[in-house]
S.K.: 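Submitted below is the structure of interest, expressed as structure tokens.
Source: prediction; values computed, not measured. Residues: numbered from 1 along the sequence shown.
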Amino acid sequence: MQRLPETDPAQLLDRVVADALPGRRGLQAWRSLLRAQATLIRRLDTDLQGETGLALADFDVLAQLAAAHGELRMTELADRALISRSGMTRRVARLIDEGLVRRDKAGTDARGVVVALTEAGMARLAETAPVHVRGISELFVAKLDDEELALLERALNKVIVDCSFG
């Protein structure tokens, strides 16, 4: 194991970054992306919970199910909601306890599990969606003009990585 020379942590990080990103190309854009994502998600979650009592991650599960016409296989739901499968299992268990979703066997595949919205889940989604969409509008969409939104969409679509969050 190679030992790095003792140095100031900031200098060490600077050296590593300089080696990996010559001229620091893109570093500020990357930091802005991370900061924007983190602050927007925190604010959207705080506002949604404050106004409706529903966590953003729970809302996302309900919204993903609704977008899929009410049901998805557990693995596909985890991929769409961008959380780990184990995290999704725990989240779905809580939503089942709250009566917002139900778990069923997937047709002929006895090993497969389907998660489906319940009537209560659809009602909860209808109640919370306006709060969430208002947050998206005020915190994100209103800050950018149409050209900036289109440019941002095109740019981010170029760097989306296809992966599973197992």
S.K.: Can you pull out every side chain to side chain donor-acceptor pair (under 3.5 Å) where at least one residue sits in residues 25-42? Sequence neighbours excluded, please.
M.R.: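 Sorted result for residues 25-42: Gln28-Arg31.
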S.K.: Taking the side chain as everything from C-beta on, heavy atoms only, tell me whether Arg80 gets closer than 4.5 Å to Leu72.
M.R.: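 With C-beta onward as the side chain, the pair touches.
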S.K.: Taking ring-ring contact (aromatic ring centres under 6.0 Å, His included) as the cut-off, I'd like each qualifying pair that reaches into residues 78-99, sequence neighbours left out, listed once.
M.R.: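 As it turns out, there is no ring-ring contact (aromatic ring centres under 6.0 Å, His included) pair with a partner in residues 78-99 once direct neighbours are skipped.
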S.K.: For Gly99 versus Ala120, what's the shortest heavy-atom pair and its separation?
M.R.: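 Minimum heavy-atom contact is O-CB, 3.5 Å.
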S.K.: Just wondering, do Gln64 and Glu76 contact through their side chains at under 4.5 Å, heavy atoms?
M.R.: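 No, every pair of side-chain atoms sits at 4.5 Å or beyond.
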S.K.: Let me confirm one number: the CZ-CZ distance from Arg90 to Arg94, rounded to the nearest 0.5 Å.
M.R.: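 Here the rounded value is 8.0 Å.
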S.K.: Minimum heavy-atom separation for Met88 and Ala81, please, with both atom names.
M.R.: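 Looking at all heavy atoms of both residues, the shortest contact is CE-CB, 3.5 Å.
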S.K.: What's the separation between atom CG in Asp58 and atom CG in Leu48, rounded to the nearest 0.5 Å?
M.R.: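 Asp58 CG to Leu48 CG: 9.0 Å, rounded to 0.5 Å.
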S.K.: Step by step, would you call Arg43 with Asp47 a salt bridge (charged side-chain N to carboxylate O under 4.0 Å, His left out)?
M.R.: CA-CA 6 Å; Arg43 178 71 183 277; Asp47 291 352; 3.1 Å; yes
S.K.: Ignoring hydrogens and geometry, is there a side-chain-to-backbone donor-acceptor pair from Asp104 to Val114 under 3.5 Å?
M.R.: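 Such a contact is absent between Asp104 side chain and Val114 backbone.
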S.K.: Cluster partners of Leu151, using ILVMFWY side-chain heavy atoms under 4.5 angstrom, listed by chain and number?
M.R.: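 Other cluster members: none.
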S.K.: Are Leu21 and Val16 linked, directly or through intermediate hydrophobic residues, by side-chain heavy-atom contacts shorter than 4.5 Å (ILVMFWY only)?
M.R.: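 No, separate clusters.
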S.K.: Within the structure provided, determine whether Leu54 and Arg124 are in side-chain contact (heavy-atom separation under 4.5 Å).
M.R.: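 Yes; the side chains approach each other to less than 4.5 Å.
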S.K.: Mark yes or no for whether Thr52, through its side chain, and Thr128, through its backbone, hold a donor-acceptor pair below 3.5 Å.
M.R.: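 Checked: no pair found.
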S.K.: Which heavy atom in Leu62 sits nearest to a heavy atom in Leu125, and how many Å separate them?
M.R.: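 Shortest heavy-atom contact: O-CD2, 3.8 Å.
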S.K.: Is a side-chain N or O of Glu148 found less than 3.5 angstrom from the main chain of Asp145, in a donor-acceptor match?
M.R.: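 Pair found, side chain donor or acceptor close to backbone of Asp145.
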S.K.: Shared ILVMFWY cluster between Leu27 and Leu33, side chains joined below 4.5 angstrom?
M.R.: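 No, it is not one cluster - the side chains of Leu27 and Leu33 are not joined through contacts under 4.5 Å.
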S.K.: With a sphere of 6.0 Å drawn around CG of Asp146, does it hold more than 12 non-hydrogen atoms of other residues, nucleotides or ligands?
M.R.: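 Not more than 12 within 6.0 Å, no.
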S.K.: Begin with the C-alpha distance, continue with both residues' side-chain angles, and end with the deciding distance and a verdict on salt bridge (charged side-chain N to carboxylate O under 4.0 Å, His left out) for Arg134 and Glu51.
M.R.: CA-CA 12 Å; Arg134 184 182 70 230; Glu51 291 188 45; 2.7 Å; yes
S.K.: Has Asn157 got a side-chain atom pairing as donor or acceptor with Glu153's backbone, closer than 3.5 angstrom?
M.R.: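 It does hold such a pair.
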S.K.: Which heavy-atom pair separates Ala57 from Arg91 by the least distance, and what is that distance?
M.R.: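 Minimum heavy-atom separation between Ala57 and Arg91: CB-CZ, 3.3 Å.
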S.K.: Does a side-chain heavy-atom distance below 4.5 Å link Phe59 with Val131?
M.R.: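 No, side chains not in contact.
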S.K.: In Å, rounded to the nearest 0.5 Å, how long is the span from CG of Leu44 to NE2 of His132?
M.R.: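 The CG atom of Leu44 sits 5.5 Å away from the NE2 atom of His132.
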S.K.: Just wondering, do Arg24 and Val17 contact through their side chains at under 4.5 Å, heavy atoms?
M.R.: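 Of all side-chain heavy-atom pairs linking Arg24 with Val17, at least one is under 4.5 Å.
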S.K.: Check whether Val133 and Leu139 end up in the same hydrophobic cluster, where Ile, Leu, Val, Met, Phe, Trp and Tyr are linked by side-chain heavy atoms less than 4.5 Å apart.
M.R.: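 Hydrophobic grouping puts Val133 apart from Leu139.
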S.K.: Given side chains that start at C-beta, do those of Leu65 and Val101 come closer than 4.5 Å, heavy atoms only?
M.R.: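 In contact.
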S.K.: For a 4.5 angstrom cut-off between non-hydrogen side-chain atoms, does Val92 reach Met74?
M.R.: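 Contact flag for Val92/Met74 side chains = yes.
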S.K.: Nearest 0.5 Å, please: how far is OG1 in Thr118 from CD in Glu98?
M.R.: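 If I round to the nearest 0.5 Å, the distance is 10.5 Å.
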